Amino acid sequence: PVGLVLYARPFLTKSVRLGGVVGMEIGKKQRDPKKSLSRQVVDSIEEMIMERKLGPGDVLPTEIQISEELQVSKSSVREAIKMLEALGVVEIRRGLCTVISKNPEQGYMNVMLSHFYLNSGNEEDLQNFRYIIESAYTTYAIHQATDNDLAAIREKLELFREKLRNGTLEAEDDILFHGQILQATHNSFMISLGNALNELFRRSIAIAIRDNPEVALHDHESIYQAIVNRDPVAAEKVIAASARQWAASFKIQDAVAESTL
């Protein structure tokens, strides 16, 4: 299921059958003293989703059903579901039901936003962070991209070029280009994380392409050519330079925000 691409850790909770339905038993004998009860319930619900092969938009069992299957209180289940909602695994439809998320990137973004607000890094930290993530998925795309992927990336590049020429370029055009590279990895983990990061930095991306649109186009052209040539070294050099430019725009964004206070 797409919502579960957020998780890379193993599911260790023991599964049993309760009432003819696969459930997760975390009765007193099964509980891990090193984990909070709510965390164990989260793990169990995740495994329940995997066992039942629930996908985006599918309805999760009710709090009462989960409470009975896991032999825990409804309040513990409710807390666990709220945690899963914060992480983007599920969407709570008030008064109706809880469904598997169709947009796990939003959960990633919420978590990362909180981290950035609480732990403000400097310009160099941001630059290195962007470089590491973007170079990783671009390098992987270089090895995985098919002819169809290359055509799709080129299409987004041409769209970027056309909108620059028409004076209608916006952050979405940059995000679409990089999003197409992410698709070329054919790796759901990378796609979800990369898309979340692109959304997270949408405002600074907008500033970067507003102030240096020709530079952005040149970078995109160079990255595309590196992918076509299957040349990860060339791609990394372009991405490093682009990250430096982007980090500067991020700094400008903060300065503008402070000046309005």
Side-chain angles (χ1 to χ4, degrees), residues 2-3 5-6 8 56 88 102-106 108-109 112 126-250:
V2 174
V5 300
L6 298 176
K102 294 183 179 180
N103 182 26
E105 291 82 10
Q106 183 63 45
Y108 258 138
M109 187 163 64
M112 287 186 290
L126 289 169
Q127 175 183 318
N128 290 334
F129 180 66
R130 165 93 183 258
Y131 166 73
I132 291 168
I133 300 299
E134 188 175 339
S135 61
Y137 72 69
T138 302
T139 296
Y140 197 68
I142 285 173
H143 296 298
Q144 299 296 320
T146 64
D147 289 342
N148 287 338
D149 290 323
L150 295 179
I153 295 170
R154 182 174 180 79
E155 181 181 326
K156 294 300 186 293
L157 173 61
E158 293 304 325
L159 176 64
F160 190 96
R161 193 197 315 278
E162 179 182 351
K163 296 193 72 172
L164 171 58
R165 185 168 52 246
N166 295 337
T168 57
L169 189 64
E170 55 187 358
E172 181 66 18
D173 302 306
D174 184 277
I175 290 173
L176 285 173
F177 174 77
H178 290 285
Q180 199 63 59
I181 295 174
L182 281 163
Q183 291 297 324
T185 67
H186 300 279
N187 183 299
S188 59
F189 290 91
M190 283 190 175
I191 292 170
S192 289
L193 176 58
N195 284 335
L197 287 172
N198 288 336
E199 287 297 330
L200 177 62
F201 296 124
R202 179 181 284 269
R203 288 180 61 192
S204 58
I205 289 172
I207 293 173
I209 65 173
R210 180 199 65 195
D211 295 345
N212 300 283
E214 296 291 347
V215 172
L217 175 59
H218 179 268
D219 288 346
H220 287 187
E221 290 172 336
S222 299
I223 291 172
Y224 169 72
Q225 198 57 53
I227 295 173
V228 170
N229 294 338
R230 310 290 180 177
D231 187 348
V233 175
E236 288 181 10
K237 288 181 179 178
V238 178
I239 292 168
S242 177
R244 286 193 294 271
Q245 184 69 42
W246 170 83
S249 70
F250 200 98

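Here the structure is a predicted model, which means the values were calculated and not measured.
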Chemist: Would you say D149 and T146 are linked by a side-chain donor-acceptor pair, where the criterion is simply a distance under 3.5 Å?
Modeler: yes

Chemist: Answer yes or no: is there an ion pair linking R161 with E158, defined by an N-O contact shorter than 4.0 Å?
Modeler: yes

Chemist: Roughly how far, to the nearest 0.5 Å, is OG1 of T168 from CG of D173?
Modeler: 7.0 Å

Chemist: Is there a side-chain contact between E236 and Y131, using heavy atoms and a 4.5 Å cut-off?
Modeler: yes

Chemist: Please name the pair of heavy atoms, one in L176 and one in L159, separated by the smallest distance, quoted to 0.1 Å.
Modeler: CD1-CD2, 4.3 Å

Chemist: State the CG-NE2 distance between N195 and H178, to the nearest 0.5 angstrom.
Modeler: 11.5 Å

Chemist: Mind listing the closest non-hydrogen atom pair of I133 and L197 along with its distance?
Modeler: CG2-CD1, 3.2 Å

Chemist: Quick one: are I223 and E134 in side-chain contact, heavy atoms under 4.5 Å?
Modeler: yes

Chemist: Using the test ring pair (Phe, Tyr, Trp, His ring centres under 6.0 Å), find all partners of Y224 that sit at least two apart in sequence or belong to another chain.
Modeler: none

Chemist: Could you walk me through whether K156 and I153 pass the side chain to side chain contact (heavy atoms under 4.5 Å, CB included) test, one step at a time?
Modeler: CA-CA 5 Å; K156 294 300 186 293; I153 295 170; 5.8 Å; no

Chemist: What's the shortest heavy-atom distance between I209 and A171, and which atoms?
Modeler: CD1-N, 3.3 Å

Chemist: Nearest heavy-atom pair of S242 and R130: which atoms, and what distance?
Modeler: OG-NH2, 4.0 Å

Chemist: With a sphere of 6.0 Å drawn around CG of D147, does it hold more than 12 non-hydrogen atoms of other residues, nucleotides or ligands?
Modeler: no

Chemist: Any side-chain heavy-atom pair from L157 and L217 closer than 4.5 angstrom?
Modeler: yes

Chemist: Has the side chain of N212 got a donor or acceptor atom that lies under 3.5 Å from a matching backbone atom of V215?
Modeler: no

Chemist: With a 4.5 Å heavy-atom cut-off, do Y137 and N187 have their side chains touching?
Modeler: no

Chemist: With rounding to the nearest 0.5 angstrom, report the CG to NE2 distance, D174 to H220.
Modeler: 4.0 Å

Chemist: Any heavy-atom pair between the side chains of S222 and K237 that's under 4.5 Å?
Modeler: no

Chemist: State whether the number of non-hydrogen atoms from other residues, nucleotides or ligands found under 6.0 Å of H218 atom NE2 is greater than 12.
Modeler: no

Chemist: At what distance, to the nearest 0.5 angstrom, does CG of L193 lie from OG of S188?
Modeler: 11.5 Å

Chemist: Donor-acceptor pair, S192 side chain versus F189 backbone, under 3.5 Å?
Modeler: no

Chemist: Provide the closest heavy-atom pair for L182 versus I191 in the form atom of the first, atom of the second, distance.
Modeler: O-CG1, 3.3 Å

Chemist: Just how far is it from atom CZ of R244 to atom CD1 of I239, taken to the nearest 0.5 Å?
Modeler: 12.0 Å

Chemist: Testing the basics here: between A235 and T138, what is the closest heavy-atom pair and its distance to 0.1 Å?
Modeler: CB-CG2, 4.1 Å

Chemist: Measure the CD-CZ distance between E221 and F177 for me, rounded to the nearest 0.5 Å.
Modeler: 9.0 Å

Chemist: If we only count heavy atoms from C-beta on, is the L164 to E214 side-chain gap below 4.5 Å?
Modeler: yes

